[in-house]
Amino acid sequence: MTDDDEHRLARVTELAKRRGFFFAANEPYGGVAGFWTYGPVGAALKRNVEQRWRERFAHEEGHMEIQSPTIIPEPVFEASGHLDDFTDWVIECPTCETSYRADHLVEGTGEVEDAEGLSASALESLIDELDISCRSCGDSLQGISVGEFNLMFSTAIGPGKGEPGYLRPETAQGTIVDFPRLLEYARGDLPFGAVQIGPAYRNEISPRRAIIRVREMTQAELELFYDPEEDEPPLGAVAAVELELYPVEAQEGDGEHRRLTVAEAVDGGIIDNPWIAYYLGVATTWFHEIGVDPAKLRFRQHLPGERAHYAADCWDAEAYLDDDWIELAGFAYRTNYDLNKHHEYSDGSYTVFKPYDEPVTVERATVDPDMAMLGPEYGAAAADIASALEALVETNPNAFETGDAVTIEAAGETHEIALETTGYTVETVTESGEHIMPHVTEPAFGIDRLVYTLLEHNFHEDVVDGEPRAYLELPPTVSPNVAGVFPLVDADGLPERARALADRLASAGLPITYDERGAIGRRYRRQDEIGTPFCLTVDHRTLEDDTVTLRDRDSTKQIRVEMVEVPEVLRSLRSGEMSFEAVAANTEAVDREGNS
RNA sequence: GCGCCGAUGGUCCAGUGGUAGGACUCGAGCUUCCCAAGCUCGUAGCCCGGGUUCAAUUCCCGGUCGGCGCACCA
């Protein structure tokens with residue numbers, strides 16, 4: 001094994017730049033940190049990863065896919081909590097210029113819990129009162145002002161100062177805010193899911209490590225809306241999937257991973273939310289299929305203090321990359337937090353009508369205050385009195401059953417309201433169902449990190465015929481190309497035959513690349529480096545019997561395939577229906593010279 | 001944001017106060033003809049701005065970008 005775990009980030013990044021996976025954007029102008037361009041093969045790889053995700057998490061689950069805007073007006077984020085919770089309070093030591101989160105400093109004294117919600121001035125006075133000093137140089141931070149830093153990119157919508165808006169920090173909010181429409185398309189029925197694949201933006205303080213930590217990323221997020229009382233995931237489908245888990249109790253305890261099946265994790269109470277358990281099972285299988293190394297994948301539960309403001313529980317899928325566990329996806333139980341907030345802040349209704357199995361008949365006390373009487377009598381207080389009556393009938397309908405008048409407090413005074421003025425009645429109503437607020441469980445994937453993971457986990461070096469070789473062991477379902485098509489030599493009419501084959505494959509929708517330049521070995525190596533799983537070579541024997549050699553990237557073995565069968569063979573290799581070994585089992589093997 | 005280190009062809013590096021060299025890659029040709037062979041030729045570079053200097057890729061200052069550490073990662 002010549003694989004070397006040293007400096008993998010540097011070597012993968014070098015390969016990525018040289019072969020066109022990704023490179024820093026806007027380089028001719030010096031570039032700005034955290035923005036990357038996907039080159040020709042990188043864009044193809046990323047597109048394939050997105051497509052595999054779409055197939056698994058939207059199509060196969062029967063969910064809808066939408067696209068919402070990336071710019072969202074401020075009120076949405078006021079409701080969602082991002083405006084407050086996405087803002088950090090920052091204080092900088094004037095002596096040594098170290099900056100801190102002001103709320104963390106205050107919390108660190110043990111005097112105040114949860115200082116995050118405080119205002120800048122409140123934090124400043126606390127810092128003064130508690131006489132907090134710089135952890136780094138020890139100088140006092142008294143009298144230093146607290147500034148704010150919001151991780152959302154702000155912008156202005158429309159001319160002039162415009163309406164304040166932000167680039168979305170997650171695709172989720174765009175999906176959740178349009179819940180009322182989505183419910184309509186789901187024909188009012190729970191559970192249903194809506195997915196979105198697209199860009200999200202975070203003004204990271206410190207973008208790092210190539211495309212691992214960026215300011216513009218692509219997310220693939222699924223919002224699953226369900227009734228927590230009734231709806232259950234199809235756990236049976238993933239019950240036997242083995243998960244590498246790192247729950248809170250392990251992180252705080254022995255530090256060991258727990259290897260459990262989905263069923264064991266649910267039954268053992270390790271994973272509380274069954275939907276999260278279901279998606280961890282689905283994701284595990286999917287990660288393995290697209291080329292994440294199973295030995296370098298785990299699911300880590302968020303520690304209580306680590307969770308986002310909207311999450312009741314959260315597990316991250318983490319990949320071991322560059323000597324570190326890096327988050328690839330988050331599986332969050334968002335409860336009804338977001339829907340509740342939008343229900344309250346917006347004009348929309350974020351509830352679902354759940355019919356009962358049988359309609360129920362109930363007696364209900366109601367009031368219908370006679371404003372024609374109350375208005376002239378009480379003037380400005382009339383509206384408050386009406387509200388008080390409505391509140392009273394809900395909390396204590398008996399108050400309307402005794403005597404000819406009810407006594408209520410409104411606008412700071414006590415009033416006696418005649419029973420007939422209240423419009424009090426007890427009616428018999430038939431209720432056919434109730435309005436409930438769905439809960440949301442959200443699998444959210446960072447596509448860029450996943451693409452990087454595939455490169456790093458599948459990067460290998462070996463020796464073929466005495467020459468070192470670098471290759472990417474990408475599964476055929478995600479590799480940028482499925483095959484390279486070559487003439488063995490640039491002579492004897494072979495290029496024409498090879499070109500015709502390439503054209504035919506391209507017409508059949510197969511992503512292939514044609515190359516006739518340089519030595520054949522060099523062409524193989526070039527394809528190895530971009531992860532092309534197969535190469536087809538037209539040689540002199542092709543002219544006699546219409547067969548070509550099919551070379552396997554990982555083993556460098558070759559077999560001969562009938563030219564007419566090539567499109568179907570490649571298609572089944574691409575889709576994963578057939579492995580190279582399976583194809584080779586019924587096919588003539590050939591040696592390095594292409595001979596039987 | 002802070003600190004340390006770095007930035008030279010497409011890639012990886014060497015080097016210099018008088019505008020640079022190698023390896024690989026890439027292109028043309030010869031040769032070879034199933035795993036980065038060989039030969040010839042060619043294309044192509046000193047991150048940006050300011051300062052010092054007759055002269056700066058080189059020295060100084062600032063910035064940008066990158067790596068690492070700290071902080072941050074809703």
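Every chain is numbered from 1, with letters handed out A, B, ... down the list of sequences. Quantities reported herein were computed from a predicted structural model and do not represent experimental measurements.
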* To do: Write down the distance separating the P atoms in B/U8 and B/G51, rounded off to the nearest Å.
  => 25 Å

* To do: Check whether any side-chain N or O of A/Arg525 sits under 3.5 Å from a backbone N or O of A/Pro468 as a donor-acceptor pair, and report yes or no.
  => yes

* Which whole number of Å gives the distance between the C1' atom of B/G62 and that of B/A55? -> 23 Å

* Structure fact -> So the stems of RNA chain B, runs of at least three Watson-Crick or G-U pairs (under 3.5 Å), are B:1-7 with B:64-70, B:10-13 with B:21-24, B:26-30 with B:38-42, B:47-51 with B:59-63

* Which whole-number value in Å describes the distance from A/Arg215 CZ to B/C65 P? -> 7 Å

* Determine the contact category for A/His82: base if any of its heavy atoms lies under 4.0 Å from a base atom, sugar-phosphate if only primed atoms, P, OP1 or OP2 are that close, otherwise nothing. => base

* To do: Check the surroundings of atom CG in A/Asp324: do more than 12 heavy atoms from other residues, nucleotides or ligands lie under 6.0 Å from it?
  => yes

* Between A/Lys17 and A/Tyr29, just flag the one whose closest nucleotide in RNA chain B comes earlier from the 5' side. => A/Lys17

* So what does A/Arg213 touch, heavy atoms closer than 4.0 Å: a base, only the sugar-phosphate, or nothing? -> base

* Could you measure between the two P atoms, the one in B/A37 and the one in B/U32, and give it in whole Å? => 15 Å

* Structure fact -> Of the listed B/C26, B/G67, B/C33, the closest approach to the A/Val489 side chain comes from B/C33

* Give a yes/no on whether any side-chain N or O of A/Arg18 is located under 4.0 angstrom from OP1 or OP2 of B/U11. => no

* **Residue pair A/Arg553, A/Asp528: steps toward the salt bridge (Lys or Arg N to Asp or Glu O under 4.0 Å) verdict** => CA-CA 6 Å; A/Arg553 172 196 62 206; A/Asp528 288 342; 5.9 Å; no

* Asked: If you check every side-chain atom of A/Arg517, which of B/C72, B/G27, B/C26 has the closest atom?
  -> B/G27

* Asked: Within 45° of the ring axis of A/Phe459 and under 6.0 Å from its six-membered ring centre, is that where the NZ or CZ of A/Arg8 lies?
  -> no

* P spacing across the pair B/G15 / B/A7, given as an integer number of angstrom -> 10 Å

* In whole Å, what separates the C1' atom of B/G9 from that of B/A23? -> 12 Å

* Side chain of A/Arg522 only, please: which of B/C35, B/C72, B/A36 is the nearest? => B/A36

* Which is true for A/Gln527 with a 4.0 Å heavy-atom rule: it touches a base, it touches only sugar-phosphate, or it touches nothing? -> nothing

* Can you run down the ring pair (Phe, Tyr, Trp, His ring centres under 6.0 Å) pairs that involve residues 305-326 of chain A, sequence neighbours left out, and say none if there aren't any? => A/His82-A/His309, A/His257-A/Trp325, A/His309-A/Tyr337, A/Tyr320-A/Trp325

* Asked: Looking at B/C72, does its base get a donor-acceptor pair with the side chain of A/Arg208 below 3.5 Å?
  -> no

* Structure fact -> Whole-Å distance, A/Ile212 CD1 to B/G67 C1', equals 12 Å

* Asked: Of all the choices, B/C12, B/A71, B/A36, which nucleotide is nearest to the side chain of A/Ser206 once you look at every atom?
  -> B/A71

* Heavy atoms under 4.0 Å, any strand shown: does A/Ala210 hit a base, just sugar-phosphate, or nothing? -> sugar-phosphate

* **Sugar-phosphate, base or nothing in reach of A/Asn203, heavy atoms under 4.0 Å** => nothing

* A/Glu204 vs A/Arg551, nearer the 5' end of RNA chain B by closest nucleotide -> A/Arg551

* Looking only at side-chain atoms of A/Tyr524, point me to the closest of B/A36, B/C35, B/C65. => B/C35

Nucleotide N/O of nucleotides 56-58 of chain B paired with protein N/O under 3.5 Å:
none

* To do: Can you tell me the distance, in whole Å, between the CG atom of A/Asp492 and the C1' atom of B/U32?
  => 13 Å

* Atom pair OG1/CZ of A/Thr37 and A/Phe22 - distance to nearest 0.5 Å -> 11.5 Å

* Student check: side-chain heavy atoms of A/Val569 and A/Thr587 closer than 4.5 Å -> no

* Roughly how far apart, to the nearest Å, are B/U19 and B/C54 at atom C1'? -> 15 Å

* Asked: Does NZ or CZ of A/Arg499 fall inside the cone over A/Tyr514's six-membered ring, less than 6.0 Å from its centre and within 45° of the axis?
  -> yes

* **A/Gln219 and A/Arg168: side chain donor to acceptor below 3.5 Å** => no

* Would you please indicate yes or no on a ring centroid separation below 6.0 angstrom for A/Tyr350 and A/Phe225? => no

* Atom-pair distance (CH2 on A/Trp36; P on B/C65), nearest Å -> 12 Å

* Report the distance from atom CG of A/Asn150 to atom C1' of B/C73, rounded to the nearest whole Å. => 14 Å

* Asked: When you compare B/C2 with B/C72, how far apart are their C1' atoms, in angstrom units rounded to a whole number?
  -> 12 Å

* For the side chain of A/Leu488, starting at C-beta, report the closest nucleotide among B/C33, B/C35, B/C68. => B/C33

* Can you check the A/Arg526 CZ to B/C35 C1' distance for me, whole Å? -> 14 Å

* Backbone of A/Arg517 reached by a side-chain donor or acceptor of A/Arg523 within 3.5 Å -> yes

* Nucleotide B/C26, atom P - distance to CD of A/Glu529 in whole Å -> 10 Å

* Distance only, no hydrogens: is a donor on one side chain within 3.5 Å (strictly under) of an acceptor on the other, for A/Gln196 and A/Thr175? -> yes

* Asked: Quantified in whole Å, what is the P atom distance between nucleotide B/C48 and nucleotide B/C26?
  -> 28 Å

* Taking CZ from A/Arg209 and P from B/G69, how many angstroms apart are they, rounded to a whole number? -> 7 Å

